[in-house]
Amino acid sequence: MPRTAFARSALSHAASAFEANLKAAEPLAEQLLNAARPRMLSTIACAEGTSLLRSAARSSGSGAILKPCTCGKVLCPGHCTCGKAPCPLHGRSMSTATAAAKAEPAWAVDDRAPGLAARLAEVTKHFPTALSVDDFMARVEVALAGYGFTGDNAIAMSNLCRDESCLILEDKIEAAFGSCFSTHGLGGVLTCGVIGMKAGLSHSPVVGGKERYVFFSFPHIAIDSDGKVGSVSRPNRPGASAACGALIACMGDLKRDGLEVNCKQPGVHDPLEPEYSILKQRIARRLAYENVDPIKCSLVDFTKAAERVISTDLEYLISKAVDPKKANYAVFTGVQIHNWAADLNNTDTPSLEFVGTAKSYVVVNGEKVHLDLNKVPALSPRQLQILASASPSDGKAATAAASGKLVHEIPREYLMKRLGGALSAAHVDGTAPSWSSYVRHEVTELSGLPQMDHPYEATAAPKEAPTEANTSFTWSLFGGKK
């Protein structure tokens, strides 16, 4: 049956949904709304069965660009959005608007989401800046659109831990910016180097004579639905697992061995544990610099320290790889937080994903502007549902709100599929297939090949065969076995 005709155009109908939520907001909220409209209106229009294209959304007069205050901040508490403090035209400053916003009543909690607000409170107890992952990405997209960054004209570069659980956040980033150039490392450690980073930058679109990069960098931690720090349930794996396993191991080593023995010179690493040894020594050097005793560190403390290390490394590589004369870029760092069901087999407990924000800023035409994502207006629950469905999270999930933040469930079906967990019981009977003998192939293995922990010898082959027994020793730079 044909749909009932709307009294307004489909685009106006979609726009009103946004504007109804922000109608009472200050001019800044209106600017943010206009800046974010292109992709969001297109997404909502498609979700409501219309055939509007992104170009149609752009042609609706939504090309406004969010201009920072005269003080250089995008969200300045002391100035009106016109740049004056106080503003005689608008009658009050942003600080007045902030006070008015705090006086507004809390949002209603979705009846399908009991306990989600309490889960948010538990996470923010450890990470006060935490935002639900969909809420985080919506605010990032709104803020970046105001400075000319979109998924069409920028490349996202993600630096996460290699853990498969971290791909939830990567999916959300790619839903907004397309496929990422990843520099993932164990625990989130950066080992790509300047050349590796430049390789990704060279893939950026060039629009208006400018390249644009958006850097995301997050180590991760688990805080399960019961509030247990470091604990995460994984599909088809009995009992609790750990996140981040690399950081937990690293913390244990530093607590046991101390900082001094692990503060090695840059470039020195274990050939059998390259990423882990680099991660450990970088964190050890940072804790020594900050005069922090690892014995007194909790996993939350250690993860925050890892974030500081990795963020510093990222910014240093950016300084070596990015030319601010030819490119604008943005940086978002923090901690990825898995707040999943303590037992993924329990279908009644929702799984959540958060981002504890740290650094957020843009560099446009060489000028750096810091952003406060917590001051970017949140979308309504309905809007967030539609945007979340644009990423690979099928179905309508539960949403709750508290303290101006939205919490959105990660659908269990998507989570299980993304992590490779079977939705039914695994079936392994141990019987070899009838064709197994026909596919066997005899291969002569080469021997005496140089191994990753062998010394370099220009004129002679390795003196010892590369067997299991001789792969645990270390070698001096040009000498022999120690």
Side-chain angles (χ1 to χ4, degrees), residues 109-127 130-136 160-172 187 218-249 251-252 298-300 302-303 335-356 385 388-389 391-400 402 405-429:
V109 174
D110 191 330
D111 290 338
R112 297 169 303 146
L116 294 198
R119 297 265 293 276
L120 170 63
E122 179 65 26
V123 170
T124 53
K125 181 174 71 176
H126 301 287
F127 296 91
L131 295 168
S132 183
V133 66
D134 289 300
D135 191 16
F136 166 75
L160 310 175
C161 180
R162 294 189 181 280
D163 196 316
E164 71 282 354
S165 62
C166 297
L167 295 178
I168 307 302
L169 175 54
E170 179 127 315
D171 282 347
K172 301 295 182 179
F218 303 91
H220 69 130
I221 191 173
I223 304 174
D224 69 17
S225 59
D226 292 336
K228 186 174 180 181
V229 175
S231 177
V232 64
S233 177
R234 299 183 188 275
N236 289 331
R237 185 173 181 86
S241 186
C244 171
L247 291 182
I248 291 172
M251 180 175 67
S298 66
L299 181 58
V300 170
F302 202 81
T303 305
V335 176
Q336 181 180 0
I337 307 159
H338 314 301
N339 186 230
W340 299 356
D343 180 2
L344 286 179
N345 291 322
N346 181 358
T347 59
D348 294 329
T349 303
S351 291
L352 309 175
E353 190 85 356
F354 293 92
V355 171
Q385 287 275 5
S389 66
S391 60
S393 51
D394 302 330
K396 193 171 183 181
T399 302
K405 299 180 180 181
L406 282 177
V407 182
H408 190 71
E409 179 186 1
I410 303 297
R412 183 177 182 275
E413 292 77 10
Y414 156 70
L415 183 63
M416 298 291 280
K417 289 178 183 177
R418 194 66 180 93
L419 298 179
L423 298 181
S424 58
H427 176 70
V428 179
D429 60 12

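- In this structure, Lys228 has no side-chain hydrogen bond (donor to acceptor under 3.5 Å, both in side chains) partners at least two apart in sequence or on a different chain.
- Rounded to the nearest 0.5 angstrom, Asp163 CG and Cys244 SG are separated by 6.5 Å.
- A distance of 5.5 Å separates OG1 in Thr303 from CZ in Phe127, rounded to the nearest 0.5 Å.
- Identified under the ring pair (Phe, Tyr, Trp, His ring centres under 6.0 Å) test for residues 219-238, with sequence neighbours left out: His220-His338.
- Side chains of Ser165 and Arg234 form a contact here, defined as non-hydrogen atoms less than 4.5 Å apart.
- Counting heavy atoms from C-beta outward, Arg119 and Pro350 have side chains that approach closer than 4.5 Å.
- Side-chain atoms of Ser132 and Leu120, non-hydrogen and from C-beta on, never get closer than 4.5 Å to each other.
- To the nearest 0.5 angstrom, Ile337 atom CD1 is 11.0 Å from Leu352 atom CG.
- The salt bridge (charged side-chain N to carboxylate O under 4.0 Å, His left out) search around Arg162 returns Glu275, not counting sequence neighbours.
- Between the side chain of Ser241 and the backbone N or O of Val232 there is no donor-acceptor pair closer than 3.5 Å.
- Counting heavy atoms from C-beta outward, Asp135 and Phe354 have side chains that stay 4.5 Å or more apart.
- The closest donor-acceptor contact from the side chain of Thr349 to the backbone of Ala341 lies at 3.5 Å or more, if one exists at all.
- Atoms SG and CG, on Cys161 and Leu167 in that order, are 10.0 Å from each other to the nearest 0.5 Å.
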